[in-house]
Amino acid sequence: MKIKLSAKLALTGLALSLAAFPATRGFSHGDTAPQAVDTEGLDPLGEEWLTENPYRIPEGEEADEKKTEQHEAAVRVGTVGYSQNCARCHGLEGVSGGMAPDLRYLDADAYGDEWYLDRIRNGVTQNGGVKMPPFEDILNQEAAWAIRTYLETRPQD
Ligand code: HEC
């Protein structure tokens, strides 16, 4: 009886911890392969990579309805895309645990975009070792910019 009870408690505990960390937070699949991101809700941006984040609404700027809608869709898509593909190295919800740079601090401007795009498309290798894999063939640019938009909306403290 005693054993049964503690087994039951253990199961309850397991169920609770699973519920506390749903898969979308990236916690429970820290070692999954990189995967394509469902970009439903985002208008196609075309084949050619843009040089600046098309979903950004610069601070203090008024956005029209369409832009606001695309921005919100981008944050939604980027939240999932980030947790599926980036969180295992760059940290849950954009907060780095020290394994890889904290991406919330990348400037939300054209220079930051160039840096971001280079990293996400080509990855980073050093001394023949892959520090970050390239995502060029995994993410389309809608997904890449959506992840960037999500990171820009994460508070920095
Ligand atoms: C396997 C671990 C790993 C994964 C997965 C990963 N990265 Fe990285 N990333 C790194 C490391 C390590 C660096 C630092 C490389 C260096 O030393 O310059 C980095 C650097 C970067 C940089 C440059 C940051 C800076 O401040 O210089 C960006 C931008 C970036 N990653 C974006 C992403 C995005 C977006 C994703 C998901 C689509 C992602 N990374 C997935 C490991 C990873």
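Note that ligands are numbered from 1 as they come in the structure, with each ligand's atoms numbered from 1 the same way. Positions are given from 1, in the same order as the sequence printed here. Predicted model only: the values in this text are computed from it and were never measured.
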*What pairs of residues pass the ring pair (Phe, Tyr, Trp, His ring centres under 6.0 Å) test when at least one of them lies in residues 94-140, not counting sequence neighbours?*
none

*Provide the full list of ring pair (Phe, Tyr, Trp, His ring centres under 6.0 Å) pairs with a residue in residues 42-74, sequence neighbours left out, each pair given once.*
none

*Write out the protein residues near ligand 1, meaning a non-hydrogen atom under 4.0 Å from one of its atoms, in order of chain and number.*
N85, C86, R88, C89, H90, A100, P101, L103, L106, W115, Y116, R119, I120, V124, K131, M132, P133, F135, L139, I147

Are any non-hydrogen side-chain atoms of [X] and [Y] less than 4.5 angstrom apart?
X: R148; Y: I120; result: no
X: W145; Y: D113; result: yes
X: T68; Y: E72; result: yes

Show the atom names and distances, to 0.1 Å, of all donor-acceptor pairs under 3.5 Å that link a side chain in residues 36-43 to residues at least two apart or in another chain.
residue: D38; atom: OD1; partner: E40; partner atom: N; Å: 3.0
residue: D43; atom: OD2; partner: K66; partner atom: NZ; Å: 3.1

